[in-house]
Amino acid sequence: MVCKYAKLCFATGAGAAMFAQIIVRNLGGVSMKDILQELEDRRTVARAGGGARRVEAQHAKGKLTARERVELLLDEGSFEEFDMFVQHRCTDFGMEENRHPGDGVITGWGTINGRMVYVFSQDFTVLGGSVSETHAAKICKIMDMAIQNGAPVIGMNDSGGARIQEGVSSLAAYGEVFQRNILASGVVPQISLIMGPCAGGAVYSPAMTDFIFMVKDSSYMFVTGPDVVKTVTNEVVTAEELGGASTHTRKSSVADGASENDVELLAETRRLFDFLPLNNREKAPVRPFFDDPGRVEMSLDTLVPDNPNQPYDMKELILKIADEGDFFEIQKDFAGNIICGFIRLEGQTVGVVANQPMVLAGCLDIDASRKAARFVRFCDAFEIPILTLVDVPGFLPGTGQEYGGVIKHGAKLLFAYGEATVPKVTVLTRKTYGGAYVVMSSKHLRGDFNYAWPTAEVAVMGAKGAVEILYRSELGDKDRIAARVKEYEDRFANPFVAAEKGFIDEVIMPHSTRRRVARAFASLRGKKQANPWKKHDNIPL
Ligand code: HXC
């Protein structure tokens, strides 16, 4: 018995003092109460993290502790912890004296509204949440279980990066986490919450997950920090400017959203989680709904303005289609010309992609194509049906776009829609011109239901542009050109030419859109479609 405790004390680094205590207990005849008390004592030490002073410092920065985050994210009392007593094995730089049970990360599983999820939460109060060999092994353990058991992984990142004292071992440890991010991709949803520092190569783990959300003012992500940037490029920039939430939600699009504080972020994550399936073999959960799927919205009949150049807010249509007007938007502060997010129809999750005429007239550009392509691929990977709302005058022209590779980036969205085998329902509200018409989940990319409002215009381009090309020699004659424009509009500024060819399945009344779309998705619940066998595709990256 004594020998067993000796091993435990020294292996876990609890040391001679605790061993001596246990011997005394044993000599005096240890009672069951003492044994149980010892477990409680050990748990108390582990739960204290880096100690009261560091916890206070964490709170002073407006941040919750790793444990508080887990408690708030998961259903009350549902958390089951793994590896609470794991400690690092490093003996360099005096590290044998600097051991903490748990080694700077809390891992385990629990539930969100009753559905299972694996979590890890880095504890900045323990060695700055830095990643050691054992710290990473704890993360890898829950990732392996998540892949095997088919439940999502949510990582709460708050770390100074690779544990400097461990050198290459910590780099190797990161590599192990990266490999699992890759294997888990498309198998279980992975969500990264950036709730403190996340720098250097460490950023590449969140980067490979499905969604990244940040906390404003208390989190940042960058590959090289402000000091290195200054040395190498002479740029002077703060950590917030370089990699804060506003940078990543507005400029880089690395992050999918940002919250005001930890509490808001955790609540929003629970909301998102409810839209998602647990894995790629299961459907998203069906939630109770209290909204008539046949609800008619007469106001939609006047949503599209008489003037074709006047914008309107596509979000209004999304909200009016969705059950209870509930919409979880992804990347709302980036590439506003396209809107992506989740709604429910008859309680079932649907991914929405919609052109937004209020921004850049709803044109597709590099940013919009990348944003929507990744979203479409997420939906397809996890069997989430896609609703596409189209009002797109084409791809944005300009050297900026061409030099930036709009050809390759636009192709991403085209490719994503074309390879997707989930149910796809498309509604054309107004303009849908040129290549963008084909890209936006057209019939030609295996759209299942392609509806158009009577206001839709399916054409190679707008009437004015078309006439200027077709009748260049008549450009000096204003009346003649006006007549040509009218002629072109009469022919193409409507959905009927496309409907005659079967490219549009039905021209529908705007007010009935929710009912039509809900019925379309209901009819597609048994859809089964497969692509030809391949190792994997070669999407234009
Ligand atoms: C070991 C670390 C650490 C690290 C922080 N700490 N980062 N210990 N390895 N990487 C420790 C500190 O020594 C300190 O311990 C405690 O954590 C809190 O750190 P502070 O510096 O006091 O906190 P703060 O002022 O808030 O600054 C946070 C910080 C800073 C900006 C993250 O700690 C920092 O710059 N750390 C180093 C970051 C870094 O260069 N990491 C390596 C990146 S490269 P005490 O005992 O005093 O409380 C990388 C490669 C990954 O990660 C590659 C993957 C392939």
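Just so you know, ligand 1 is whichever comes first in the structure, and atom 1 is the first atom listed for that ligand.
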**Request:** Verify the distance criterion only: is there a donor paired with an acceptor across the side chains of H135 and E166 at less than 3.5 Å?
**Result:** no

**Request:** Consider only side-chain N and O atoms of T238 and E240, and report whether a donor and an acceptor are under 3.5 Å apart.
**Result:** no

**Request:** Over all heavy atoms of both residues, which pair between C198 and P206 is shortest? Give the atoms and the distance, please.
**Result:** SG-CG, 4.0 Å

**Complete:** Residues with a heavy atom under 4.0 Å from ligand 1, by chain and number, are R54, K61, F124, L127, G128, S130, G160, G161, A162, R163, I164, Q165, L171, Y174, F178, P197, A199, G201, A202, Y220

**Item:** side-chain contact (heavy atoms from CB on, under 4.5 Å) against T269, all qualifying residues, sequence neighbours excluded
**Value:** L73, I154, I191, L193, L265

**Request:** Give every residue pair that meets the ring-ring contact (aromatic ring centres under 6.0 Å, His included) criterion with at least one member in residues 197-230, sequence neighbours excluded.
**Result:** F211-F378, Y220-F222

Listed pairs under 3.5 Å, donor-acceptor, residues 364-373 side chains, sequence neighbours left out:
residue: D365; atom: OD1; partner: N337; partner atom: ND2; Å: 3.2
residue: D365; atom: OD1; partner: D367; partner atom: N; Å: 3.4
residue: D365; atom: OD1; partner: A368; partner atom: N; Å: 2.9
residue: S369; atom: OG; partner: D365; partner atom: O; Å: 2.7
residue: R370; atom: NH2; partner: S253; partner atom: OG; Å: 3.1
residue: K371; atom: NZ; partner: Q331; partner atom: O; Å: 2.9
residue: K371; atom: NZ; partner: F334; partner atom: O; Å: 2.7
residue: K371; atom: NZ; partner: A335; partner atom: O; Å: 3.2
residue: K371; atom: NZ; partner: I338; partner atom: O; Å: 2.7

